[in-house]
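Below is one structure, written out as structure tokens; the observations come after it.
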Amino acid sequence: MHLIDGKAIASRLRRSLKDRVQTLKKQPHLVVVLATDHPASLSYVTAKEKAAIEVGFKSRIIKDKFTEASLLKCIDELNQDSEVDGILVQLPLPDGFDQNKVIDRIDPTKDVDGFHPHNLAMLVQDREGFVPATPKGIIRLLKESNIHLKGQHVVIVGRSLIVGKPLIHLLLKENMSVTVAHSKSKDLKALTLPADVLIAAVGVPNLIQPDMVKKGVIIIDVGINRVDGKLVGDVDFEALKDVVEAMTPVPGGVGPMTIYALLENTYEAVLRKEETL
Ligand code: GUN
């Protein structure tokens, strides 16, 4: 089995991005907004801020006991602040918050998460806009690993706004045949068995087992599940080691590529602004 080392690839890409950041007229500035106390969310946003500073960005976390109204006000202020290039509101939001209302409020030219309806529509139309970080990172990971995509059959397990849905369009753009399976699929195994490439993004620990894939499949594991204090993916890594051609580990696979893609989006935000000035 070939291990798809997202950690090493992202580290190399960050070094190259750091050089390109030096050539910008303006230092990119990413603001990450956190409205919950979830320890996992806090660790994600801390990792994003740290990586941003490492490549030469300005970055800060705004963590507060927001109400929906005060969160919208915070977004308005960041939209108005010409010093700020990228705004990321970490999901999930607290119970009772209207996620769509919050996402809609972010200036689409600063929406480095790519979840605003404007950017999602651009993605569907194959036009230039912000592409959500995890799907963008996955495509980059596949390409950097020289995995053949054109004409191949990819099966996505999961249909979230953050991963599954944007991936459909990105993989179609790579001329793949795309199947989407999800929690209501009648016979999951029948859908996953023909996959040349399998992308698991459902958040069910060890869901993907050897009898569900064909020999030589390439697996991208997007799951980050905490089981007995340990991080595990949606794929039973140990059981699949001898079946797959290549596979990502958890942690150290998709996660670092998500962060890299977010940095690239923030860099692109500045670049687009400089190009239109
Ligand atoms: N929660 C899990 N993944 C993401 C992401 O990519 N962006 C945001 N904003 N929240 C997330």
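Each ligand, and each atom within it, is numbered from 1 in the order the structure gives. Numbers here simply count residues along the sequence, with the first being 1.
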- Query: Which protein non-hydrogen atom lies closest to atom 11 (C) of ligand 1, naming both residue and atom, and how far is it?
  - Reply: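 Among all protein heavy atoms, the one nearest atom 11 (C) of ligand 1 is Gln90 NE2, 3.5 Å.
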
- Query: Among all protein non-hydrogen atoms, which one is nearest to atom 4 (C) of ligand 1, and what is the separation to 0.1 Å?
  - Reply: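 Nearest neighbour among protein heavy atoms for atom 4 (C) of ligand 1, to 0.1 Å: Ile162 CD1, 4.0 Å.
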
- Task: Could you tell me whether the side chain of Leu24 reaches within less than 4.5 Å of the side chain of Tyr267, counting heavy atoms only?
- Result: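 The answer is yes, as the side chains (C-beta and beyond) meet within the 4.5 Å cut-off.
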
Counting only heavy atoms closer than 4.0 Å, does ligand 1 sit against the backbone of [X], its side chain, both, or neither?
X	answer
Asp113	side chain
Tyr44	neither
Thr258	neither

- Is there a donor-acceptor contact under 3.5 Å from the side chain of Thr46 to the main chain of Leu42?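 Checked: pair present.
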
- Looking only at atom types and distance, does a side-chain atom of Asn119 sit under 3.5 Å from a main-chain N or O of Pro108, one as donor and one as acceptor?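 Yes; at least one donor-acceptor contact below 3.5 Å.
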
- Query: Looking at Lys273, Lys110, Arg20, Lys136, which one forms a salt bridge (Lys or Arg N to Asp or Glu O under 4.0 Å) with Glu268?
  - Reply: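 Output: one option passes, namely Lys136.
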
- Message: Which of the numbered atoms in ligand 1 are under 4.0 angstrom from any heavy atom belonging to Leu88?
- Response: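 So the answer, numbered in order with elements, is 9 (N).
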
- Task: Below 4.0 angstrom from a heavy atom of Leu91, which ligand 1 atoms are there? Numbered from 1 as shown, please.
- Result: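 Under 4.0 Å from Leu91, ligand 1 has these atoms: 1 (N), 8 (C), 9 (N), 10 (N), 11 (C).
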
- Message: To check you understand the geometry: which heavy-atom pair defines the closest contact between His148 and Gln152, and what is its length?
- Response: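 What the structure gives for the nearest pair is O-CG, 3.4 Å.
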
- Message: Under 3.5 Å, is there a donor on one side chain and an acceptor on the other for His29 and Ser59?
- Response: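 Checked: His29/Ser59 side chains show no N/O donor-acceptor pair below 3.5 Å.
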
